[in-house]
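For reference, the structure is listed below as structure tokens.
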There are 2 protein chains.
Amino acid sequence: MPGKVAPALPERPMLFWHHAGACTARSSRASLARVSITHLQSFVAVAEEGHVGRAARRLHITQPPLSRHILALEDELGTPLFERVPKGMRLLPTGEALLQHARRILEEVEVAARTVREAAQGSGASKPPPT
Amino acid sequence: MPGKVAPALPERPMLFWHHAGACTARSSRASLARVSITHLQSFVAVAEEGHVGRAARRLHITQPPLSRHILALEDELGTPLFERVPKGMRLLPTGEALLQHARRILEEVEVAARTVREAAQGSGASKPPPT
DNA sequence: AGTTATTACGTAGAACGTAACGATA
DNA sequence: TATCGTTACGTTCTACGTAATAACT
């Protein structure tokens with residue numbers, strides 16, 4: 001069998017994202033390596049809405065996957081980011097810390113994409129533009 | 001068995017990443033939304049090595065998926081990032097532009113993770129630390 | 001009962017690796 | 001022919017959504 005990788009070593013309701021990269025066992029120093037831009041967008045949405053349901057509608061997905069995004073982040077970081085209150089989700093200090101960086105990262109991503117596209121136009125790009 | 005084969009509706013050697021998000025058809029304004037941290041790491045590795053094979057070994061994966069990472073980025077951005085030369089891969093101006101931002105983003109991610117972990121320790125975190 | 005987030009479960013899809021291919025010198 | 005990147009193909013694993021559950025007011 002071709003693609004074989006993770007022997008899996010479940011010890012809890014663990015979550016996997018990618019193919020459980022080569023040697024990054026879980027606590028080496030995998031700084032959010034398994035996290036995608038989407039996860040950060042999810043986090044910011046929940047942080048801003050304080051509500052998984054609302055954030056989910058805003059992101060055009062359902063609650064469960066969004067909830068899993070948050071749980072995945074918390075698991076990856078090894079610490080909770082929200083306090084679960086009856087009204088919804090309230091940022092913990094850890095979450096506040098992440099929020100700032102997450103926004104920064106997402107903004108950087110935007111800038112990166114824009115910059116590359118501009119560079120492409122400037123140098124006579126390739127792929128077919130709008131129309 | 002759950003596994004499916006995917007009949008696919010190819011019109012080209014297209015590539016999909018997530019579930020092809022709700023409405024983001026392909027050119028709305030999805031600024032790298034489909035791109036993960038891993039993709040950026042792959043890009044940086046190839047850019048630094050100038051060689052898919054070497055970069056792949058460095059990342060502990062094989063060439064094909066790494067090559068696909070690059071093609072995915074190029075497709076997402078709508079422009080090539082490398083020039084394919086006999087020796088390997090040479091950064092185009094667009095690639096140089098992205099490289100700077102990619103490094104910045106990856107660094108930001110590192111800082112974010114570290115900051116959150118520190119905040120967790122400072123406030124008496126939860127999840128089981130090293131030992 | 002009416003909220004909320006989470007877990008269970010099944011299926012579609014994304015991503016790996018092996019192998020085959022294509023292009024260039 | 002040798003070396004590089006890419007495409008083909010089959011399998012594993014991730015991630016969605018629906019439905020059921022748990023906790024709290």
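Protein chains get the first letters and strands the later ones, always in sequence-line order, with residue 1 at the start of each. Just so it is clear, the structure is predicted and the values come from calculations on it, not from any experiment.
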Measure from the side chain of B:Pro64, starting at C-beta and using heavy atoms only, and say which of C:dT18, C:dA5, C:dT7 lies closest.
-> C:dT18
Please report the closest heavy-atom contact between B:Val109 and B:Ile37, naming both atoms and the distance.
-> CG2-CD1, 3.7 Å
From D:dT6, C:dA8, C:dG17, nucleotide with atom closest to B:Ile61 side chain | C:dG17
Nearest-nucleotide pick for B:Arg68, side chain only, options being D:dT6, D:dG17, C:dC16 | C:dC16
Contacts of type side chain to side chain contact (heavy atoms under 4.5 Å, CB included), residue B:Pro64, not counting sequence neighbours | B:Thr62, B:Arg68
For atom NE2 of B:His60 and atom P of C:dG17, their distance in whole Å = 12 Å
Respond yes when some side-chain nitrogen or oxygen of A:His69 is under 4.0 Å from OP1 or OP2 of D:dC16, and no when none is.
-> yes
Integer-rounded Å distance: D:dT14 C1' and B:His39 NE2 | 14 Å
Please name the pair of heavy atoms, one in A:Thr79 and one in B:Ala120, separated by the smallest distance, quoted to 0.1 Å.
-> OG1-CB, 3.4 Å
Reference residue A:Arg103; test salt bridge (Lys or Arg N to Asp or Glu O under 4.0 Å); the match among A:Glu48, A:Glu108, A:Glu110 = A:Glu48
More than 12 heavy atoms from other groups under 6.0 Å of CZ on B:Arg104 = no
Can you tell me how far P of D:dA15 sits from CG of A:Leu71, to the nearest Å?
-> 13 Å
Euclidean distance, atom CZ of residue B:Phe82 to atom P of D:dT6 [Å, nearest integer] = 10 Å
Nucleotide N/O of nucleotides 20-25 of chain C paired with protein N/O under 3.5 Å:
none

Distance-only donor-acceptor check, side chains A:His39 and A:Ser42, under 3.5 Å = no
If you look only at pairs with a residue in residues 83-102 of chain A, which of them pass as a salt bridge (charged side-chain N to carboxylate O under 4.0 Å, His left out), with sequence neighbours excluded?
-> A:Glu74-A:Arg84
Of all the nucleotides listed (D:dT6, D:dC4, C:dT18), which has the minimum atom distance to the side chain of B:His51?
-> D:dC4
Of the candidates C:dT18, C:dA5, D:dG5, the side chain of B:Val52 sits closest to D:dG5
Would you kindly give the CD-to-P distance between B:Glu74 and D:dT7, to the nearest whole Å?
-> 10 Å
Integer-rounded Å distance: C:dT4 C1' and A:Ile70 CD1 = 15 Å
In whole Å, what is the span from the CG atom of B:Leu66 to the C1' atom of C:dT18?
-> 16 Å
When rounded to whole Å, the CD to P distance for the pair A:Gln63 and D:dA22 reads 18 Å
Would you tell me if any nitrogen or oxygen in the side chain of B:Ser67 comes within less than 4.0 Å of OP1 or OP2 on D:dT6?
-> yes
Return the nearest nucleotide to the side chain of B:Arg84; candidates are C:dA5, D:dG5, D:dC16.
-> D:dG5
